[in-house]
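One structure is given below, encoded as structure tokens.
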Amino acid sequence: MKDQEGTREAELIAARRANLAALRSMGADPYVLTRFDVNAKASELQRRFADLPAGESLPERFALAGRVMLLRGQGNIAFADLWDESGKIQLFLKADVVGKEPLKAFQHHVDRGDLLGAQGRIARTKHGELSLLVERYDVLGKALAPLPDKWHGLVDVERRYRQRYLDLAVNPEVRQVFLMRSRIIAELRRFLDARDFVEVETPVLINIAGGATARPFQTHHNALDLDLNLRIATELYLKRLVVGGIERVYEIGRIFRNEGIDTKHNPEFTMMELYAAYWSYEEMAQFTEELYAHLVALVTDGKSTLPFGDRVLDFQRPFARVKYFDALQEHGGYARADLLDAERALHIAQSLGLPKPPSHAHALDKIFEAVVEPHLVDPTFVMDIPVLLSPLAKRRADDPLLTERFELFIANMEACNAFSELNDPDDQRGRFEEQARDRDAGDAEAPPPDWDFITALEVGMPPTAGIGIGIDRLVMYLTNQQSIRDVILFPLARPIVER
RNA sequence: GCGCCCUUAGCUCAGUCGGUAGAGCACCGGCCUUUUAAGCCGUGGGUCCUGGGUUCGAGUCCCAGAGGGCGCACCA
């Protein structure tokens, strides 16, 4: 790409480069500085001096640093909004305080977007704006690229995702979402650590991608000349660790599924999986309620309801519970016996206008999605899911066609999936063999058997409950974002091909 | 993969019936000691996403392509 003479953007950049050169010639090269002593944050000062009357100033001196986001001039006086990570504060430059030459340099050579360190006293202007009365400033970094519109910010969705640095720099509410994401995950870790869970890391590059039904990404290790897959779940490795005696274990990690992209799916996303020996899915349901209530209280300052899109979600405990087949009976009038019969289930799926499902399990899933999911707004546990859909969950002793498994639905979206883990190696072997048959029959999403996992179960795994929580969706609820791309810093995008 | 929609100045957006492309902000120059998106005056700035086609004439109509958004499909 070459700049053409007369293109506006090139001129904007040239003007900024000229200002850079001017600063350098004054001995104020922004790229030479390596440090700046910051002793205050904008929002702290706003809070601390909220009561300072207009027109008054204080003797104490502060130094802060951030990005210049707005410039307002008035001859021998200049105002600027300085944004740091915490918020913003106005800079007030007067010739008799900062000096005539520095003021002039500021007015002529500091551009919107520049990174600035400023020292001075706190004052509130006649107009009531808390300001730093600047005594000295340093340009700590030059913005050579022009910033998006000061009023509209960066709106173009594609650019927001591709150039997230710009989005974050000019749209403070976006930065808030990602800072909140970090707080949520930190709080999640504290919550788990307080309950004696141990955080581990298991492999991302694996030979057999199991623990879920999804197509994996494929890659290759050169030195071993070995085809590998990126993991689609952490389940089978974490359960190996329970076998090994780590009784409460979790992992928060990236997993990868080679699937489509929409507002609820990104090909790489963050999953928290957790396993607790000697718990059943009942204790896990209890735990799930506590965890969600805790996080909702964290982001709402103690409330139990959460605004989400155009509705309000109620996280008051206990959450609603409904049994899988009861829900289908209630919302669709379908009987368990019909749904558990492969032929009749396919028939029901077709009567609902669904495309022909490739398998019985698929049909059940689609029917549930169409009939029940639209009703699940407030957090609802769907309990006792058929073994047909649950290759890794333990059967109910009193009803072996069902498993001790629940899924939590929130806002018509699956929020988590939990069950009493199958620890009978013979039963697990049989289910792997079933999946292998599906795979041979052409189901690319059925994972190949992981025989070493069977060996692990043969060593002996205690009764254990496990749960998987999609962290991105969790953050969507807690920050009221309707697209998963708005809680992932760099969502997958096609590369831009230079012509 | 399918359908609908979007792509015009650095940014945000107008652009009528097909008749030689506009605004606000930003930038640049000048004036200005209390501004809050925001003082006043003035100058400059375009690969209308790309490539074809129709037409005397295309930002506008047609075809193909690229990128994106939404929905559907896929996907626990």
Side-chain angles (χ1 to χ4, degrees), chain A residues 1-2 4-16 18-19 54-55 69-81 88-97 100 103 107-108 111-113 123-131 133 145-162 166 170 211-215 232-233 257-267 269 354-355 357-358 361-362 364-366 368-369 373 382 385 389-393 405 407 409 413-417 419 444-445 468 470 482-483 485 493-499:
Chain A
M1 235 177 12
K2 57 177 191 269
Q4 292 187 350
E5 200 181 359
T7 65
R8 198 66 187 114
E9 184 175 23
E11 284 175 20
L12 293 173
I13 293 169
R16 285 159 179 267
N19 287 335
M69 291 303 289
L70 283 174
L71 290 164
R72 301 178 281 274
Q74 278 293 317
N76 284 325
I77 201 171
F79 297 95
D81 281 357
K88 67 173 181 181
I89 192 162
Q90 174 168 273
L91 303 181
F92 183 7
L93 288 89
K94 290 163 84 170
D96 55 357
V97 176
K100 205 166 177 194
L103 176 67
Q107 288 169 322
H108 288 286
D111 292 298
R112 183 164 166 270
R124 192 175 290 280
T125 62
K126 283 181 202 164
H127 282 64
E129 185 74 26
L130 192 72
S131 307
L133 195 50
L147 249 55
D149 191 271
K150 67 179 176 184
W151 178 240
H152 300 93
L154 181 62
V155 171
D156 179 60
V157 176
E158 180 177 354
R159 257 188 100 189
R160 285 190 44 228
Y161 297 148
R162 287 188 191 278
L166 261 187
V170 306
T213 47
R215 300 168 76 134
I232 57 173
R257 296 185 181 176
N258 205 337
E259 291 158 1
I261 298 174
D262 61 32
T263 52
K264 297 182 180 70
H265 298 84
N266 192 63
F269 60 104
L354 301 170
H362 223 265
L364 274 188
D365 236 17
K366 291 288 135 191
F368 187 89
E369 203 174 286
E373 265 190 38
V382 174
I385 296 169
L389 300 172
S390 315
L392 299 163
R405 174 182 171 200
E407 289 185 315
F409 284 86
M413 191 158 71
E414 186 191 332
C416 50
N417 176 26
F419 39 89
E445 280 148 18
Q482 306 300 310
S483 170
R485 287 184 213 101
R494 279 197 163 85
I496 296 172
V497 180
E498 295 288 342
R499 53 195 184 276

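As the structure is a prediction and not an experimental result, all values here were calculated from the model. Chain A is the first sequence line, chain B the second, and so forth, proteins listed ahead of strands; every chain is numbered from 1.
In this structure, A58(B) forms no base pair with any nucleotide, since neither Watson-Crick nor G-U wobble geometry is met with both distances under 3.5 Å. A 3.5 Å limit on both hydrogen-bonding distances identifies no Watson-Crick or G-U partner for U16(B). Nucleotide C28(B) forms a Watson-Crick or G-U wobble pair with G42(B), both donor-acceptor distances falling under 3.5 Å. Base pairing of G1(B) is made with C72(B), judged by Watson-Crick or G-U wobble geometry with both donor-acceptor distances under 3.5 Å. The partner of G67(B) is C6(B), judged by Watson-Crick or G-U wobble contacts that both fall below 3.5 Å.
Asp156(A) comes within contact range of the sugar-phosphate backbone alone, with a heavy-atom separation under 4.0 Å but no base atom that close. Glu158(A) comes within 4.0 angstrom of sugar-phosphate atoms only, judged by non-hydrogen atoms across all strands, and of no base. The residue Gln90(A) sits close to a base: some heavy atom pair falls under 4.0 Å. Note on Thr263(A): only backbone sugar-phosphate atoms sit closer than 4.0 angstrom, heavy atoms only; bases stay farther off.
Taking atom P in both A9(B) and G51(B), one finds a spacing of 16 Å when rounded to whole Å. G67(B) and U50(B): their P atoms are spaced 15 Å apart (whole Å). Using P as the reference atom, C28(B) and U60(B) are 34 Å apart when rounded to the nearest Å. One C1' atom belongs to G59(B), the other to U7(B), and the distance between them is 12 Å to the nearest Å. Rounded to whole Å, the C1' atom of C70(B) lies 36 Å from the corresponding atom of G57(B).
Summarising the geometry, the separation between NE2 on His108(A) and P on G29(B) is reported as 8 Å, rounded to the nearest angstrom. Met69(A) places its CE atom 12 Å from the C1' atom of C11(B), with the value rounded to the nearest Å. Taking atom CD1 of Ile77(A) as the reference point, atom P of G39(B) lies 14 Å away to the nearest angstrom. Computed from coordinates, the Arg16(A) CZ to G10(B) C1' distance equals 9 Å when rounded to whole Å. If you take CG of Leu154(A) and C1' of C13(B), they are 15 Å apart, rounded to a whole angstrom. For the pair Lys94(A) NZ and U34(B) P, the computed distance is 9 Å after rounding to whole Å. Following rounding to the nearest Å, Lys126(A) (NZ) and U33(B) (C1') show an atom-to-atom distance of 9 Å. The CD1-C1' distance, from Ile13(A) to A26(B), rounds to 13 Å in whole Å.
Remark: Arg162(A) is in phosphate contact with G68(B), judged by side-chain N or O atoms under 4.0 Å from OP1 or OP2. Contact annotation: Arg494(A) reaches the phosphate of G67(B) (side-chain N/O to OP1 or OP2, under 4.0 Å). Remark: Lys366(A) is in phosphate contact with C74(B), judged by side-chain N or O atoms under 4.0 Å from OP1 or OP2. At the phosphate of C75(B), OP1 or OP2 sits under 4.0 Å from a side-chain N or O atom of His362(A). The phosphate of G69(B) has OP1 or OP2 within less than 4.0 Å of a side-chain N or O from Arg485(A). Applying the 4.0 Å criterion to OP1 and OP2 of C25(B), one finds that Arg112(A) has every side-chain N and O outside that range.
Where Asp111(A) and Gly153(A) meet RNA chain B, the nucleotide closest to each residue was compared, and Gly153(A) sits on the side nearer the 5' end. In this structure, Val155(A) and Leu70(A) both approach RNA chain B, and ranking their closest nucleotides by distance from the 5' end singles out Val155(A).
Closest to the side chain of Tyr161(A), out of U34(B), G69(B), G24(B), is G69(B). Minimum atom distance to the side chain of Asp149(A) is reached by G24(B), of the listed G68(B), C28(B), G24(B). Proximity note for Arg159(A) (side chain, C-beta onward) versus C75(B), A73(B), G10(B): the nearest is G10(B).
Across Ala493(A) and Arg162(A), no two heavy atoms sit closer than the pair CB-NH1, 3.9 Å. Here the shortest heavy-atom pairing between Ser390(A) and Ile385(A) reads OG-CG2, 3.7 Å.
The shortest side-chain heavy-atom distance between Met413(A) and Lys264(A) falls under the 4.5 Å cut-off. Contact of the Gln90(A) side chain with the Thr125(A) side chain is registered, since non-hydrogen atoms from C-beta on lie closer than 4.5 Å.
Residue His265(A) places a side-chain atom within donor-acceptor reach of the base of C75(B), judged by atom type and a 3.5 Å distance cut-off alone.
Judged by distance alone, the side chains of Asp365(A) and His362(A) never bring a donor and an acceptor atom under 3.5 Å apart.
Looking only at distances, a side-chain donor or acceptor of Arg405(A) sits under 3.5 Å from a matching main-chain atom of Leu389(A). Looking only at distances, no side-chain donor or acceptor of Glu373(A) sits under 3.5 Å from a matching main-chain atom of Glu414(A). Proximity of a side-chain donor or acceptor of Arg215(A) to a complementary backbone N or O of Glu445(A) within less than 3.5 Å is not detected.
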